[in-house]
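Quick notes on the structure that follows.
Chain identifiers are assigned alphabetically (A, B, ...) following the order of the sequence lines, protein sequences preceding nucleic acid strands; residue numbering begins at 1 within each chain.
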Amino acid sequence: MKEKRKIGRGVCVIGAGMSKFGMFPDKDSKELFVESFKETVESVDKGFDPNDIDALYLGNFSNDYFVHQGHWAPIIADAIGHTPKPATRTECACAASALAFKEGVFAIASGFYDIVLVGGVEEMSKCNTAEVTEGLAMAAFPSELVAGFTFPGIFGAIGSAYFAKYGCTKEDLFNITIKSHNNAKLNPKAQLPFTIRDMMNQKIAKAKKKGRTVPFWNDEKEFLRDPKANPVVAYPMSLYDCCPISDGASSMILCSEEIARRFTDNPLYVIGIGQGSGGGLQSPTNDNITSLEATRFAAAEAYSMAGLSPKDIQFSEVHDCFSMAEVIDIEDLGFFKHGEAYKAINEGQTKLDGSMPINTSGGLKCKGHPVGATGTGQLHEVWEQLRGEAGERQIPNKDLKIGAAHNLGGTGGTCTFTILERR
Amino acid sequence: MEERTFSDISHGKFLNEDKLMASKCKKCGAVFAPARPICPKCKSQEMEWTPMKGTGKLIAYTCIAVGPPMMIEEGYDRNNPYCSGVVQLDEGPKVCGRIEGVNPKEPETIKVGTPLKVRFLHRGEGENIKTYLAFKPE
Ligand SMILES: [Zn+2]
């Protein structure tokens, strides 16, 4: 990096909201975004007039494919009564709304706008699983697709290399799944708000009711080891290593630092923002297949801008589209050394009450992953945690000041890292 | 030989001829497969074709039970998974390919580091011929 990144003027988050994430056959993208927008406006402590929004930045990956409709920025602008003011769509696969957030920050930092709405939406469940898998695969590299790779396969392959290099096993990843489900149970917005134990009990009850052989598992790990309960999708990724198919929307209001306290006494300051790109499994600029160059670059930029190091981050949302992704994310972000994250996970360090809580929302795995809505959805969790509004899943015993979110698109083709501060 | 541009289409044409070709940067000597027109290491645009021996080792793999339509059409499914992998060629580049001659039903038996040799899987005929890169243990 040539010199420290800086922005023209300070930018704050003054409001945040999200729809519930899940599969909603009776809701479309407009309705989901309106749900998120209403909550976002209501979240502004001292009140907010939506007429003050200068521009909208909207992340959406591929509603074009999922519901055969493109050009979503003006559709959403129309739905929330924002027309004729500008509306711009950002697309970087699953990192689409982190990029909307970044564009919003730049627009305010430059002095061009004072107040912007940023967010994202995706409507995936109108397609069946095979169609969604094919739609998501459009974010991979052509060279990966001709070799038969799917996304679970790509992160499975990264897992195979990580296992061989560091001695991690499939069993070690179970602790990520168990932790994500435990956190999601405490999140009213989550798509899968139940623990693995709850799921086991549900399956037992169902078998009893239907007069089938009642399954038995000693513990959660035995359940996750059972190929009937947890079938392989792409070895070493099984069903419970993968995020679900989701619909949902999320949004935030950003404004310049000078006016933020007009709206709230508790704004969050955007102190670090980074973005990188990567060449996928074949990338000639990435020598290490168990690490994503785009995450490393994004993190270095954001830390440099914030004047912080990884140890200053108190908690983080990271892009766990697959359990294996969470492992390499938290290493590439510098929270743990390469090859050591899985040990830290086994020790419980990434749990809600651990030394470095990761994905307190339940992560993509359990909160859900409506791809275009995920980036600002992750930042919504950072917003709630930093402001002490996370309810039952509030990180205990810490005076939270600094939190972050890492968003990833494709095979690490796009990665972002965003650091927020409460002052 | 005709002059071919350093592109994915040329890469595909060479595969149809059972050749795995790379581009070599005339300035810094870095080798890229599939061929690329611009060197990401030194940004030079001076490239030349160089043949790969077709040998390398497996650096990452997965056995896929739920595949894309292309693989389902070839008869792969949950009961008949297939293996895809990343192979580091002896000349340096990493390439994605299908991995044959292994047992995808027992993925733990497949080992990272296994030496592999290239195979060319031809599909379709005449104008519609398409060749997929594959590798098999030596
Ligand atoms: Zn070069």
Side-chain angles (χ1 to χ4, degrees), chain A residues 128-138 140-166 169-170 227 231-239 241-242 277-290 293 322 324 411, chain B residues 8 11-12 15 22-23 25 30-34 36 38-41 58-72 74 76 78 81-89 92-99 104-108 110-114 121 123 130-135:
Chain A
N128 66 36
T129 304
E131 289 164 347
V132 170
T133 306
E134 203 184 350
L136 291 174
M138 298 196 310
F141 282 86
S143 56
E144 295 160 353
L145 297 175
V146 294
F149 277 107
T150 56
F151 270 111
I154 286 166
F155 283 90
I158 291 171
S160 76
Y162 187 93
F163 290 4
K165 193 170 178 183
Y166 298 119
T169 66
K170 212 169 142 46
V232 172
V233 175
Y235 175 87
M237 296 295 98
S238 296
L239 182 62
D241 292 296
C242 307
S277 67
L281 293 176
Q282 296 193 163
S283 178
T285 50
N286 186 25
D287 292 333
N288 184 355
I289 201 163
T290 60
E293 57 194 318
F322 303 96
M324 197 56 226
T411 314
Chain B
D8 287 354
H11 176 70
L15 291 183
S23 63
C25 174
V31 175
F32 306 100
R36 53 175 69 224
I38 298 169
C39 175
K41 310 242 175 187
L58 186 65
I59 61 168
Y61 72 94
T62 178
C63 297
I64 298 179
V66 186
M70 169 184 97
M71 299 305 287
I72 293 167
E74 289 196 23
Y76 294 104
R78 186 168 284 292
Y82 63 94
C83 183
S84 295
V86 186
V87 178
Q88 181 133 39
L89 300 175
K94 298 188 288 276
V95 294
C96 294
R98 300 200 207 163
I99 309 301
K105 287 181 187 169
E106 291 184 31
E108 287 93 347
I110 304 170
K111 298 292 173 206
V112 165
T114 303
L121 303 181
R123 297 285 182 268
K130 190 161 166 56
T131 307
Y132 296 101
L133 196 55
F135 291 86

Subject >> Considering all heavy atoms, the nearest B/Ser84-A/Ala147 contact >> reply: OG-O, 2.6 Å
**OP:** Name the region of A/Thr290, side chain, backbone, both or neither, that has any atom closer than 4.5 Å to a heavy atom of chain B.
**Re:** neither
Subject >> Set of residues satisfying ring pair (Phe, Tyr, Trp, His ring centres under 6.0 Å) with respect to B/Tyr76, sequence neighbours excluded >> reply: B/Tyr82
Original post:
For A/Glu144, is it the side chain, the backbone, both, or neither that has a heavy atom closer than 4.5 Å to a heavy atom of chain B?
Top reply: both
**OP:** Measure distances from B/Pro93 to the heavy atoms of chain A and classify the residue's part below 4.5 Å as side chain, backbone, both or neither.
**Re:** neither
Original post:
Is chain B contacted by the side chain of A/Ala130, its backbone, both, or neither, given a heavy-atom distance below 4.5 Å?
Top reply: neither
Subject >> Heavy-atom closest pair, residues B/Arg98 and A/Val146 >> reply: NE-O, 4.2 Å
Subject >> For A/Leu281 against B/Cys96, the heavy-atom pair lying closest together >> reply: CB-SG, 3.9 Å
Original post:
What part of B/Leu133 gets closer than 4.5 Å to chain A, counting heavy atoms only: side chain, backbone, both or neither?
Top reply: neither
**OP:** Taking all heavy atoms of B/Ile64 and all of A/Phe149, pick out the closest pair and write down the distance.
**Re:** CD1-CA, 4.0 Å
Subject >> Part of B/Pro69 within contact of chain A (heavy atom distance under 4.5 Å) >> reply: side chain
**OP:** Could you tell me which of B/Met70, B/His11, B/Lys111 has the largest number of non-hydrogen atom pairs under 4.5 Å with chain A?
**Re:** B/Met70
Subject >> Heavy-atom pair with the smallest gap, counting every atom of B/Arg78 and A/Pro231 >> reply: NH1-CB, 3.5 Å
Original post:
Any idea which heavy atoms bring B/Pro40 and A/Thr285 closest together, and the distance?
Top reply: CB-CG2, 3.8 Å
Original post:
Which residues satisfy the side chain to side chain donor-acceptor pair (under 3.5 Å) test with A/Lys170, sequence neighbours excluded?
Top reply: A/Ser238
Subject >> Partner chain A: residue of B/Gly92, B/Gly67, B/Ala33, B/Gly97 with the largest heavy-atom pair count (under 4.5 Å) >> reply: B/Gly97
